[in-house]
Amino acid sequence: MTARVSLLLGSVLCIGWALWSCGNSQEESARWNQTLGGSKDGAPLVRDVSDPGILQDAVAYQPAKAPGARSSGAAPGTGKPGATGGDAGAQVRTLVNDLVSALKDKEVELALKCFNAEQIKALTEDRWEPLYTTLDLVDQIARRLGPGKADRLLGVLRGAGDTQPKVDALDADHASVTPNLATVLFGSVKQARAMSAARGPEGWKFQLDGPLTDADVEALAAFHKKLQAGLNQIIDWLDAAKKVDEAQLKTAVAQALQGEPITLEAPPSAEPEEKAPGPTTEPEKNPEKPAEGGEQPGEPGEKP
């Protein structure tokens, strides 16, 4: 009998403890039941998306996106960021700055890397010497003028001078740059008012009207020979002039780039040095020596 009472009492206690534990657990966990979506039932599930594309072409497959998902900005199948006009313009301006810096630093190799490699492959490294010589002469002129005047007066010899080149993004992969910064490199061989830039596998590169041929490279050498003669003439004129005539210099630079004879007026000859001023008073005359055996000078009629 005692055993039965003990068993019944134990059962009651277990049931009571279980009921108390369940109630306490629900009460204690109330502050932790805020789940995703702001509901204890959890965040709402997105609508199921059917994606049969992978069954059609595994190579060109693009994963389907849930409604409201943000695009990564990549053009389908290209792996390139989707470029708006502003994005293209910013990247072309970086290319412009790279070319201008290379020209000012006399870095021929870096300057040529800004162009489509396939189009300039005829201009091999052993044919770069005329370009080095030209950029060195331009640098000599710039150092004679100083930074401010050099940017203002030398123009496209140093990458458009103090005028910021204008970049026009035509579309996501094409742009134009005005003025033509490559005139000092390619001269009249590939002369155009504006430069073309395009985005390819190697990024943004400047484009010529067509690939350079061996005849083009020979014409480039002849162009640089004429240009260097003009630049040497400008250097001699600057060394002889006491003051730079800016209008004449601008004209001479334009003539040199066109391969025309340079017309520079000879600087005025140096003024003759002034003679030292003479004495302001006449020097005293030495008294005449008396003639030998003659009379001493004195008053007329006066005897010694």
Residues L112, V108; criterion side-chain contact (heavy atoms from CB on, under 4.5 Å); working and verdict:
CA-CA 6 Å; L112 293 178; V108 172; 3.9 Å; yes
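- Pairing each heavy atom of A88 with each of A169, the nearest pair is CB-CB, 4.1 Å.
- Shown here are the salt bridge (charged side-chain N to carboxylate O under 4.0 Å, His left out) partners of E118, two or more places apart in sequence or in another chain: K121.
- For D245, the side chain to side chain donor-acceptor pair (under 3.5 Å) partners are Q248, not counting sequence neighbours.
- Within the structure, the salt bridge (Lys or Arg N to Asp or Glu O under 4.0 Å) test picks out the following pairs touching residues 130-147 (sequence neighbours left out): K106-D136, K106-D139, D139-R143, R144-D239.
- F186 meets the ring pair (Phe, Tyr, Trp, His ring centres under 6.0 Å) test with F115; sequence neighbours excluded.
- The side-chain contact (heavy atoms from CB on, under 4.5 Å) check on T178 picks up R193, A194, with sequence neighbours excluded.
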Any chance you could lay out the salt bridge (Lys or Arg N to Asp or Glu O under 4.0 Å) test for D151 and K104, step after step, and finish with the verdict?
CA-CA 10 Å; D151 286 340; K104 289 184 177 181; 3.6 Å; yes
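- By the side chain to side chain donor-acceptor pair (under 3.5 Å) test, E107 is found to be paired with no residue, residues two or more places apart in sequence or in another chain being considered.
- With sequence neighbours excluded, no residue satisfies side chain to side chain donor-acceptor pair (under 3.5 Å) with K243.
- In this structure, K226 does not pair ionically with E260, as no charged nitrogen and carboxylate oxygen lie closer than 4.0 Å.
- Put simply, the side chain of L153 reaches to within 4.5 Å of the side chain of E246, judged on heavy atoms.
- N180 places no side-chain N or O within donor-acceptor distance of the main-chain N or O of M195, the cut-off being under 3.5 Å.
- Evaluation of the side-chain contact (heavy atoms from CB on, under 4.5 Å) rule for D236 yields no partner, not counting sequence neighbours.
- Under the side-chain contact (heavy atoms from CB on, under 4.5 Å) criterion, V253 pairs with L154, L157, I234, L249, L257, sequence neighbours left out.
- Under the 4.5 Å side-chain criterion, counting only non-hydrogen atoms from C-beta, W237 is not in contact with I262.
- Identified under the salt bridge (Lys or Arg N to Asp or Glu O under 4.0 Å) test for residues 212-225, with sequence neighbours left out: R127-D214.
- Judged as a side chain to side chain donor-acceptor pair (under 3.5 Å), and not counting sequence neighbours, the contacts of Q207 are N116.
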